[in-house]
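Notes follow once the structure below has been shown.
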Amino acid sequence: MIGIRTSLSLPSLWEIIVQLGVYFIIEDYTNYWIHRFLHCKWGYEKIHKVHHEYTAPVGFAAPYEHWVEILILGIPSFLGPAITPGHMITFWLWIGLRQIEAIETHSG
């Protein structure tokens with residue numbers, strides 16, 4: 001529906017690298033502002049506080065969050081592929097790299 005290709009013509013390595021770079025920039029920018037909003041008084045008390053119940057920096061803290069936060073912070077991860085759709089291989093590589101990045105970020 002958003003234009004992600006599934007055909008057998010696989011993308012070149014250059015196309016994958018450029019698209020992943022764009023995805024990381026879009027995700028990082030939008031995630032920063034949404035996360036900053038979640039640290040305001042209302043956002044923290046109502047939503048984001050659950051995520052900070054872990055006191056030690058562990059990878060398990062990455063997916064441990066309020067259900068609303070899961071929905072809100074899922075938007076930046078899919079915004080890049082929605083704006084610049086690529087191949088399904090690039091999309092799955094992006095999702096895997098994004099999860100690894102989230103775990104690594106919360107590991108201290």
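This chain uses plain numbering: 1 for the first residue, then up along the sequence. The shown structure was predicted, so the numbers you read here are calculated from the model rather than taken from an experiment.
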Roughly how far, to the nearest 0.5 Å, is the [atom2] atom of [Y] from the [atom1] atom of [X]?
X      : Y     : atom1 : atom2 : value
Ile17  : Thr90 : CD1   : OG1   : 10.5 Å
Leu20  : Thr84 : CG    : OG1   : 9.5 Å
Tyr23  : Gln19 : OH    : CD    : 4.5 Å
Glu101 : Ser77 : CD    : OG    : 8.5 Å
Ile72  : Asn31 : CD1   : CG    : 11.5 Å
Glu15  : Ile89 : CD    : CD1   : 12.0 Å

Are [X] and [Y] joined in one hydrophobic group, where the rule is that I, L, V, M, F, W and Y side chains link up if heavy atoms are under 4.5 Å apart?
X     : Y     : result
Leu73 : Trp42 : yes
Phe78 : Trp92 : yes
Val68 : Phe37 : yes
Tyr44 : Leu38 : no

message: Donor-acceptor pair, distance only, cut-off 3.5 Å: does the side chain of Thr30 make one with the backbone of Ile26?
response: yes
field: Aromatic ring pairing His35/His52, orientation class (parallel under 30°, perpendicular over 60°, tilted between)
entry: tilted
- request: Hey, can you tell me if Trp94 and Phe24 have their rings parallel, tilted or perpendicular (30° and 60° cut-offs)?
  value: perpendicular
Using every non-hydrogen atom in the two residues, find where [X] and [Y] come nearest and quote the distance to one decimal.
X     : Y     : value
Pro76 : Ile34 : CG-CD1, 3.7 Å
Tyr64 : Val50 : CE2-O, 3.3 Å
Ser7  : His87 : O-NE2, 2.7 Å

- prompt: Just wondering, do Glu69 and His51 contact through their side chains at under 4.5 Å, heavy atoms?
  reply: yes
message: Pairing donors with acceptors under 3.5 angstrom, does anything connect the side chains of His39 and His48?
response: yes
statement: Applied to residues 19-43, the salt bridge (charged side-chain N to carboxylate O under 4.0 Å, His left out) test, sequence neighbours excluded, yields Glu27-Arg98, Lys41-Glu45
query: Would you find more than 12 non-hydrogen atoms of other residues, nucleotides or ligands less than 6.0 Å from Tyr29 atom OH?
result: no
